[in-house]
Each structure stands twice: as structure tokens, then as C-alpha cells.
Undergrad: 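Here it is, the structure, as C-alpha cells.
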Amino acid sequence: MAQEIWGEIKEAIKQTVGANNFNTWIAPLNFCEIENGVAVFEVPTNFIGNYVAQNFSDVLLFQLSALFGDVRRLRFDVATSVQPAQPKARKIVENGEHETKSSDELPGAPLDPRFKFDTFVVGKPNELAHAAARRVGEGEAVSFNPLFLYGGVGLGKTHLMHAIAWELQSRRPDPNVVYLSAEQFMYRFVQALRERKMMDFKQLFRSVDVLMVDDVQFIAGKDSTQEEFFHTFNALVDQNKQIIISADRAPSEIKDLEERIKSRLQCGLVVDLHPTDYELRLGILQSKVEQYSTQYPDVTFDKNVLEFLALRISTNVRVLEGSLTRLFAFASLVGRHITLEVTQDCLADILRASERKITVEEIQRKVSEHYNIRLSDMIGPKRLRTYARPRQIAMYLAKQMTSRSLPEIGRRFGGRDHTTVMHGVKRVEELKVQDGQIAEDLEMLRRALEA
Ligand code: ADP
Ligand code: MG
């Protein structure tokens, strides 16, 4: 029975996502059951499960709900018998006091229990967005309407929106807060059209106190959805209800979005989340490690692993988190202490993908400039400390900032042996702790090289 319905749903999904996506991602899914509003699938790999969760959740939830009633969540189980230990955070459903009523009568999407203000790490690149979100979360007078958050993928837009919703719910006994993605907005709209329930649809959306629409760039070019969104938007603003919108770019830069919508979106407060910097990434990693360490008490880390990740995986926090998740899963499986080498091994694919192609030669040049020595002396055989120290620093940076192996680095330093490089890297690691000047130099060089 369920299988038959799934067969039907698949057809509908194919229409929506296209044959290519369908064959690559949806066809491999094995639908198992619906269990307390959770649709369970078997997937051949974690990767497929994650990809589907991130990219096709809305379509799946929409289609499943249409036929099975209230389906609020998807779960993907890897089909093999040996399943890598994954942190269970994704699957937690928070019951009780915080359970939103949105799943029943309100047209919203569930809130992720991990996305709250106390798990959001604040740094220079996101402090304004965070401050604005906090203010809105206090739920006092509507101060800026709408609040428009924008920024690149994985920088925390969805996290902040959920945090606002959680905060409002904790402050008011029964707030009517609806969070959903623009895509879901469109699906509901189309569904209402199809079922001739437009009156209900309008009424539902116009009765909320706070409306949050995520990834609004999605409705660009979809004319009737835009139109409906615009009316909903105006109706709520007129009633002085708070609206929060996110997008991957500024309102003025969203193509195929009607001018009148753009200008209305700009009426409130527009804040952007900048790409993360090193400090913020390190902060986020440290806070995640704290969260994980209760779950994996046995996993231990070299301290430089986090610095390495913060350095090498730039901007997208989702990728950063994913790396850490994989490291923890790996370490808890094989019961190993995580060193830099283990990290590089375990995350080779991610590191390669986010490589910013700093070369050893570039590092050598910058470092010799900084210490005022000739490049030939850095690479040459001289052993005087004036040359040896900068050389070691360059080796250290080469190890940290490129994916070259120790022998490869050695070769670029006048054919030195990999043990010499290893010794140099160790020495600088020690010096960094003992000698403030060296730590400062390293920091400056790193910035210069990253710029
Ligand atoms: P976006 O919606 O902008 O694409 P998300 O809000 O989904 O990004 O964030 C991606 C992931 O990164 C989420 O797991 C989120 O918790 C995490 N994240 C992003 N920014 C921060 C931050 N400043 N502190 C903690 N976690 C963050
Ligand atoms: Mg998002």
C-alpha cells in the first residue's frame, strides 16, 4: 500500500525536480514507512541522504503530506548493516513545551532544535545580523519591517530565523509564528489553487503574527507566486505584523523579482551576513566541539586540528560542520586520537574542494620579504638562524596552508628531506606558544597570504 503510493509520488517528484535529478537522487531512495509523522527512507550512502535532505526535503514533504497526511520530517538510514556512527542531532525531535503547533493547523515548517541563539557564534562578519535578529526575537514593538537577512550559502540565515522563532515562542505563551521556505510557500499556494482553497490559504497566512520566509530568491520569476506573496506581505505589514525574509543576495540584486516587491523588501532593515573570517570559524568549531564532546567523550584532538580546519575551510559553515562531524564519527569508530595527519586523510576530498591554491613558492616569497632575506637564501643550504628560522616558518605555513606532503615541501626547499621539514614544523609549533613575536609574525603572514 505505502509502496504503491510512493510509486505515485515519485512520478510527481520527477515532474518537479526533472529527470536528471530524479535519476541521480530520488530513484536510489528506498521508501520504508511513515512513523509518527516521520518518513523513513533507506539510502545507499550517507551522502545521498544528506544531499536529498538538503535539496529536496520540501518537495518530498509536500508530496508525502498530500497523500499520507501530516508528514513533518524525513529520515534517511544507510542501507548497509555497518552504519557509521553519526551524531544523532539531526534526528532529535523536541517534544513538549516547545513543540510548535505549526505542524497541524498552521502552514509552517518545523523548527530545528539546534538553531537557537545560544548555539549561534557571533563574530565581526555576522554581528549586525545577529543584533537585528535578537531585537526582533524580543518580540517588542515591530521595529523594522521587514527584517531582510541576506548572505551566501551556509552563513547562518536559516539558523538565525529559527532562533528568532524559538525566542519568540519562549517569551510569549502562544505566538502565532510561521516559518517556511519560499519554496514551501509556493507549494502551499499551488496546492490551494488546485484544491480551490484560496480563501483558506489567504486567511491562514494573514492571521499570523510573525511570518518568516526563507530563501525568497526562489520565487523570482514565478509570477503568480510572487503576486500572492506580495499581497500576503502587504496585508501583514498593514496589520503591523512582523515579517522576516532571507535571501542569498540583496533585494536589488535578485533577478526576475518584481520592482514593487524589491522596493517593499527594502523598506525595513536590510542586513547581510559577510563571509566568515578565521576567528569566527575557529569560534564556531570550538563551540561545536564542546557540543560534540558530551556525545563522544572518548574522542580527543590535537589543538592544531581546529586551527587547521578554520584556516583551510573558508566561508561555508555547513561544510565546516560537516567536516567536524565526519572527524568525530571517524574517530569514535576507529577509536583514534585525531592528529593533523588523520584530519588530512579523513577529509582529503573536502580539503581539496575548498583549496584556495596558495603555493609553496608564494609562501616562500612572502616569508622572505617579511624577514628581509633573499629567496635564494631561504631555499639554499645556509644554516644560520637568520635564514633557518624564516625557512622553518615557511615550511610550517606550507604544511598548514597547502595540501603538499612533507616530501613535496622538502623538494621545494632545495631538495631537503621530509624529516627536516617535519622538524621545522614541530619547532615552529613550539615557538608559536613560547614566543609572542613569532605568533604575531605567523598571524600576519597568514593574513597576507590569504588576502
Ligand atoms: P544558510 O541558511 O545561510 O544557508 P544555515 O543557517 O543553514 O545557512 O547554516 C548552515 C549551518 O552552519 C547550520 O548548521 C548552522 O547551525 C551553522 N552555522 C552558521 N553560522 C553559524 C554561527 N555563527 N554559529 C554557529 N553555527 C552556525
Ligand atoms: Mg538556509
Side-chain angles (χ1 to χ4, degrees), residues 49-59 61 86-92 94 108-134 136-137 147-167 179-186 212-219 244-250 254 270-293 295 306 309-310 313-328 350 354:
N50 288 336
Y51 191 92
V52 173
Q54 267 175 24
N55 295 280
F56 305 120
S57 279
D58 291 339
V59 195
L61 284 173
Q86 283 285 338
K88 298 202 181 56
R90 273 220 165 267
K91 293 175 189 164
I92 294 174
E94 216 170 60
L111 298 175
D112 192 316
R114 298 168 306 164
F115 293 177
K116 297 189 179 167
F117 280 124
D118 59 8
T119 53
F120 191 82
V121 180
V122 185
K124 263 251 160 53
N126 61 21
E127 65 183 339
L128 203 60
H130 172 260
R134 276 271 187 200
V136 172
L147 170 62
F148 189 98
L149 297 167
Y150 76 94
V153 180
L155 297 183
K157 301 181 294 292
T158 300
H159 190 135
L160 280 179
M161 290 177 106
H162 285 210
I164 295 172
W166 285 120
E167 187 68 23
Y179 163 89
L180 81 177
S181 68
E183 197 178 0
Q184 285 164 330
F185 182 85
M186 187 187 81
M212 307 190 188
V213 182
D214 207 348
D215 291 318
V216 80
Q217 74 277 356
F218 181 85
I219 60 164
I244 303 152
I245 306 284
S246 88
D248 63 354
R249 63 200 71 178
I254 304 178
V270 178
V271 282
D272 60 337
L273 290 138
H274 297 277
T276 58
D277 57 14
Y278 174 77
E279 288 78 11
L280 178 58
R281 292 196 293 275
L282 194 60
I284 290 173
L285 285 168
Q286 280 160 348
S287 110
K288 301 281 167 195
V289 165
E290 250 171 58
Q291 292 163 36
Y292 275 146
S293 56
Q295 195 177 349
L306 296 189
L309 290 178
I313 300 175
S314 35
T315 72
N316 189 334
V317 181
R318 197 172 293 134
V319 178
L320 202 61
E321 280 184 348
S323 309
L324 207 58
T325 308
R326 195 197 292 179
L327 268 184
F328 268 98
I350 296 176
S354 60

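In each ligand, atom 1 is the first atom listed, and ligand 1 is the first ligand listed. Heads up: numbering here begins at 1 and tracks the sequence.
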Undergrad: Just jot down the ligand 1 atoms closer than 4.0 angstrom to any heavy atom of Val121, in number order.
TA: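 In order of number, 22 (C), 23 (N), 24 (N), 25 (C).
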Undergrad: Could you tell me, atom by atom, which parts of ligand 1 come under 4.0 Å of a heavy atom of Lys288?
TA: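 Selected atoms, number and element: 26 (N).
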Undergrad: Is any side-chain N of the basic residue among Lys124 and Glu279 closer than 4.0 Å to the acidic one's carboxylate O?
TA: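 No salt bridge links Lys124 with Glu279.
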Undergrad: Which ligand 1 atoms does Asn126 reach within 4.0 Å, using its non-hydrogen atoms?
TA: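 Answer for ligand 1: 23 (N).
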Undergrad: Any atoms of ligand 1 less than 4.0 Å from a non-hydrogen atom of Val153? List them with their elements.
TA: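 Once the distances to Val153 are compared, the set is 4 (O).
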Undergrad: Report yes or no: does His130 have a heavy atom closer than 4.0 Å to ligand 1?
TA: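 It does not; every heavy atom stays at 4.0 Å or beyond.
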Undergrad: Taking a cutoff of less than 4.0 Å between a non-hydrogen atom of the residue and any ligand atom, is Gly151 in contact with ligand 1?
TA: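 False for this residue.
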Undergrad: Could you pull out all residues at least two apart from Glu127 that satisfy salt bridge (charged side-chain N to carboxylate O under 4.0 Å, His left out)?
TA: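 Expected list: none.
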Undergrad: Roughly how far apart are His162 NE2 and Asp112 CG, rounded to 0.5 Å?
TA: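 Taking NE2 in His162 and CG in Asp112, the distance rounds to 6.5 Å.
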Undergrad: Out of all atoms in ligand 1, which are within 4.0 Å of some heavy atom of Ile284? Include the element for each.
TA: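 Matching atoms, with element in brackets: 21 (C), 22 (C), 23 (N), 24 (N).
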Undergrad: Not counting sequence neighbours, which residues clear side-chain contact (heavy atoms from CB on, under 4.5 Å) with Glu167? List them please.
TA: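 For Glu167 the side-chain contact (heavy atoms from CB on, under 4.5 Å) partners, ignoring immediate neighbours, are Phe117, Ser170, Arg171.
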Undergrad: Which pair of heavy atoms, one from Met161 and one from Leu149, lies closest together, and at what distance?
TA: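 So the two residues come closest at CG-CD1, 4.2 Å.
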Undergrad: Pick one: which of Leu147, Asp214, Val213 meets side chain to side chain contact (heavy atoms under 4.5 Å, CB included) with Ile244?
TA: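 The side chain to side chain contact (heavy atoms under 4.5 Å, CB included) with Ile244 is passed solely by Leu147 among Leu147, Asp214, Val213.
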Undergrad: Measure the spacing between CG of Leu327 and CG of Leu306 and express it to the nearest 0.5 Å.
TA: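 Rounded to the nearest 0.5 Å, the CG-CG separation comes to 9.0 Å.
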Undergrad: Taking Lys157 for its side chain and Ile245 for its backbone only, find out whether a donor-acceptor pair lies under 3.5 Å.
TA: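 A pair under 3.5 Å: no.
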Undergrad: For Asp272, which residues count as a side chain to side chain donor-acceptor pair (under 3.5 Å) partner, sequence neighbours excluded?
TA: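 Side chain to side chain donor-acceptor pair (under 3.5 Å) check on Asp272 returns nothing, list empty.
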Undergrad: Less than 2.8 Å from the Mg ion (ligand 2) is the window; count the protein N, O or S atoms in it.
TA: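 Protein heteroatoms (N, O, S) closer than 2.8 Å to the Mg ion (ligand 2) number 1.
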Undergrad: Using distance alone, determine whether Gly154 and ligand 1 share an N or O pair under 3.5 Å.
TA: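 N/O-N/O distance below 3.5 Å exists for this pair.
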Undergrad: Going by atom types only, do Ser181 and Asp215 share a side-chain donor-acceptor pair under 3.5 Å?
TA: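 Asp215 and Ser181 do not have a side-chain donor-acceptor pair below 3.5 Å.
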Undergrad: Less than 3.5 Å between some nitrogen or oxygen of Leu155 and one of ligand 1, yes or no?
TA: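 Between Leu155 and ligand 1, an N or O pair is found under 3.5 Å apart.
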Undergrad: With heavy atoms of Arg318 as the reference, note each atom of ligand 1 found under 4.0 Å away.
TA: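 It comes down to these atoms of ligand 1: 1 (P), 4 (O), 5 (P), 7 (O), 8 (O), 10 (C), 12 (O).
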Undergrad: For the CZ atom of Phe120 and the CG atom of Leu160, what is their distance to the nearest 0.5 Å?
TA: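 CG of Leu160 is found 4.0 Å from CZ of Phe120.
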